[in-house]
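Scope of the values below: all heavy atoms of this structure, side chains included, with no hydrogens, waters or symmetry mates. Since the model is a prediction, treat every value here as computed from it, not as a measurement. Chain naming here is simple, since letters A, B, ... match the order of the sequence lines and numbering starts at 1 in each.
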Amino acid sequence: MGERGRKVLDLEKEALRQLDILSHGAVDVIPKEELLEKLKRSLETKTPLRVKLGLDPTAPDIHIGHTVVLNKLRQFQDLGHHVQLVIGDFTGRIGDPTGKSETRKQLTEEQVQENAATYRAQVFKVLDEERTMLHFNATWLSSLQFAEVLRLGATVTVARMLERDDFKKRFSENVAISIHELFYPLMQAYDSVALETDVELGGTDQTFNLLMGRTLQKEYGMSPQVVITMPLIEGLDGVQKMSKSLGNYIGVDDEPKDMYGKAMSIPDELMVKYLTLVSGLRKDEVEALEAGLVGGTVHPRDAKMKLAHALVTRFHGRTAAELAQEAFVRVFQKRSLPDEIESFALEAERVALVPLLVRAGMAPSNSEARRLIAGGGVKMDGETVNDAALEFEPRTGMVLQVGKRRFIKLDVQG
RNA sequence: GGAGGGGUACCAAAGUGGCCAACUGGGGCGGACUGUAAAUCCGUUGCGCAAGCUUCGUAGGUUCGAAUCCUACCCCCUCCA
């Protein structure tokens, strides 16, 4: 075999190696052969692949659900490829995609920039900044001619569009769908055309949109992108997919203690999934834990503590994880006070408990505060309060507690 | 454009003149149990200490009294064109 032949063989081998890494953990790679082809060509021509991920500009907080996809992007980067992050600022300007009565507030240019900055800060906890390009899709979408838009519209039928899960659902449940919403998948697909994307990533819920990119790229005579879908993870409730609007998420910017606590509150059934997809633990470590769980040698609580610890370590470092764990054990397992309690300054000599709870932000209204007291959910210095009309003389250092996790320490001025 | 159905609290869904701050389920919150898991059980879920006040698409009207009746408007759905 000649020099040249050997080289080709090495390329082939390397491409297969990359394919293997990149497909791992993915739900689908559509189609796999094309990815292999693209990888080979990339190696041959020493041109990195362009791997795209679209981001919604209205919800700038990244949660660990997003990191499933980000991790995959990072793998691409580690293999020398480039990431195209597309901020859907144009989409954000159009407004209301949910068809609800209230039109979504249009984002101003400033807000978009602000959100983009937030994204950048959070996303690079996972991604390699050097190999990431940030784009805003208004760059190309806002100037599209109507004729061009019609061309986009002509590539899909309504019936096909209504196959998309959320449209189908809304349609059958009689929830309004506006025409412009049908263009969303097309707009996202057009991003791939504009950026000549080689590979696009997304959650499985994005499959339809991602495939639309292929359709459109073909329409424009380009080689269609490969689509990689990643599993979605359920949020803290264990049922709904993790999302900010449902409030069931763990944000990458969450305080270490919150992050730890939230991780501890996930249902057991989700543990392995979290361990696999977001913990940052090595495969063998995860497998060991999993085996222990199945075999009954590892208490689920301890496995979950490992998960929580790993998660905090990943985003805040080891020291923070240790502290968070200690705090958790102290407050929830030993039921003693947290080491640090936010203090609340007040001046009065004599105060009524109910309005104080409201002022301190521990209850949304007086009525609610009363209910909490009636339900035995309020403690003063560890004693359950029974009297909703209670007045007392505050002393600095007194601790008020609502429920299991809300504490406040009084700080009497003067 | 024509005909019909419908908009009730966080969601779903009852209620069709006073007994409705509004049945019920889900969700949320608090409590018990526990591992801040699940399951289960209990309480609670507009504001107000209370008298009471503001809520049933929006704006008016009838009535002693309206989520319920009338008028106009807005929105959604179905069938036809």
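A:Thr396 places none of its side-chain heavy atoms less than 4.5 Å from the side chain of A:Leu410. Taking 4.5 Å as the limit, every side-chain heavy atom of A:Phe407 sits out of range of all side-chain heavy atoms of A:Met362. Side chains of A:Lys40 and A:Glu12 form a contact here, defined as non-hydrogen atoms less than 4.5 Å apart.
For the P atoms, the distance linking B:U58 with B:A67 amounts to 12 Å, nearest Å. The gap from the P atom of B:C29 to that of B:C77 amounts to 33 Å, rounded to the nearest Å. Taking atom P on both nucleotides, B:G30 is separated from B:U36 by 15 Å, rounded to a whole Å. Comparing the P positions of B:U8 and B:A59 gives a spacing of 16 Å, expressed to the nearest Å. Separation of the C1' atoms belonging to B:G35 and B:U24 is 33 Å when rounded to the nearest angstrom. The P atoms of B:G26 and B:U40 are separated by 10 Å, rounded to the nearest whole Å. Here, B:A38 and B:G27 have their P atoms 11 Å apart, quoted to the whole Å. The same atom, C1', is picked in B:G28 and in B:C74; the two are 32 Å apart, to the nearest Å.
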Find every protein N or O atom lying less than 3.5 Å from an N or O atom of nucleotides 49-53 of chain B, and list the pairs.
unit_1: B:C49; atom_1: OP2; unit_2: A:Asn366; atom_2: ND2; d: 3.2
unit_1: B:C49; atom_1: O4'; unit_2: A:Arg370; atom_2: NH2; d: 3.2

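Pairs passing the ring pair (Phe, Tyr, Trp, His ring centres under 6.0 Å) check and including a residue from residues 227-269 of chain A, sequence neighbours excluded, read A:Tyr260-A:Phe328.
As the counterpart of B:U54, no nucleotide is assigned, since no Watson-Crick or G-U wobble pattern has both distances under 3.5 Å. Under the Watson-Crick or G-U wobble criterion, with both distances below 3.5 Å, B:A32 is paired with B:U40. The base-pairing partner of B:A66, taking Watson-Crick or G-U wobble contacts with both distances under 3.5 Å, does not exist among the strands shown. Across all strands shown, the partner of B:A12 is B:U24, judged by Watson-Crick or G-U wobble contacts whose two distances both fall under 3.5 Å. Base pairing analysis places B:C79 opposite B:G2; the two distances defining the Watson-Crick or G-U wobble pair are each below 3.5 Å.
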How does each nucleotide of nucleotides 32-44 of chain B score, in 5' to 3' order, for protein heavy atoms under 4.0 Å: base (B), sugar-phosphate only (S), or none (-)? --BBBB------S
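In this structure A:Lys13 satisfies the side chain to side chain contact (heavy atoms under 4.5 Å, CB included) test with no other residue, sequence neighbours excluded. Residues that satisfy the salt bridge (charged side-chain N to carboxylate O under 4.0 Å, His left out) test with A:Asp268, not counting sequence neighbours, are A:Lys304.
A:Lys125 and A:Gln122 are not linked by any side-chain donor-acceptor pair at a separation below 3.5 angstrom, with hydrogens and angles left out of the test. For the residue pair A:Ser223 and A:Lys38, a side-chain donor N or O sits within less than 3.5 Å of a side-chain acceptor on the partner. A donor-acceptor contact closer than 3.5 angstrom is absent between the side chains of A:Ser192 and A:Gln217.
Between A:Ser365 and B:G48 there is a side-chain N or O to OP1 or OP2 distance below 4.0 Å.
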List, one per line, each side-chain donor-acceptor pair under 3.5 Å for residues 77-87 of chain A, sequence neighbours excluded.
unit_1: A:Gln77; atom_1: OE1; unit_2: A:Asp128; atom_2: N; d: 2.7
unit_1: A:Gln77; atom_1: NE2; unit_2: A:Asp128; atom_2: O; d: 3.1
unit_1: A:Gln77; atom_1: NE2; unit_2: A:Arg131; atom_2: O; d: 3.2
unit_1: A:Gln77; atom_1: NE2; unit_2: A:Thr132; atom_2: OG1; d: 2.7
unit_1: A:Asp78; atom_1: OD1; unit_2: A:Arg74; atom_2: NE; d: 3.0
unit_1: A:Asp78; atom_1: OD1; unit_2: A:Arg74; atom_2: NH2; d: 3.4
unit_1: A:His81; atom_1: ND1; unit_2: A:Leu49; atom_2: N; d: 3.0
unit_1: A:His81; atom_1: NE2; unit_2: A:Gln18; atom_2: OE1; d: 3.0
unit_1: A:Gln84; atom_1: OE1; unit_2: A:Thr197; atom_2: OG1; d: 2.9
unit_1: A:Gln84; atom_1: NE2; unit_2: A:Leu195; atom_2: O; d: 3.2

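Taking atom CD of A:Gln240 as the reference point, atom C1' of B:G26 lies 11 Å away to the nearest angstrom. The separation between A:Asn248 atom CG and B:G27 atom P is 14 Å, rounded to whole Å.
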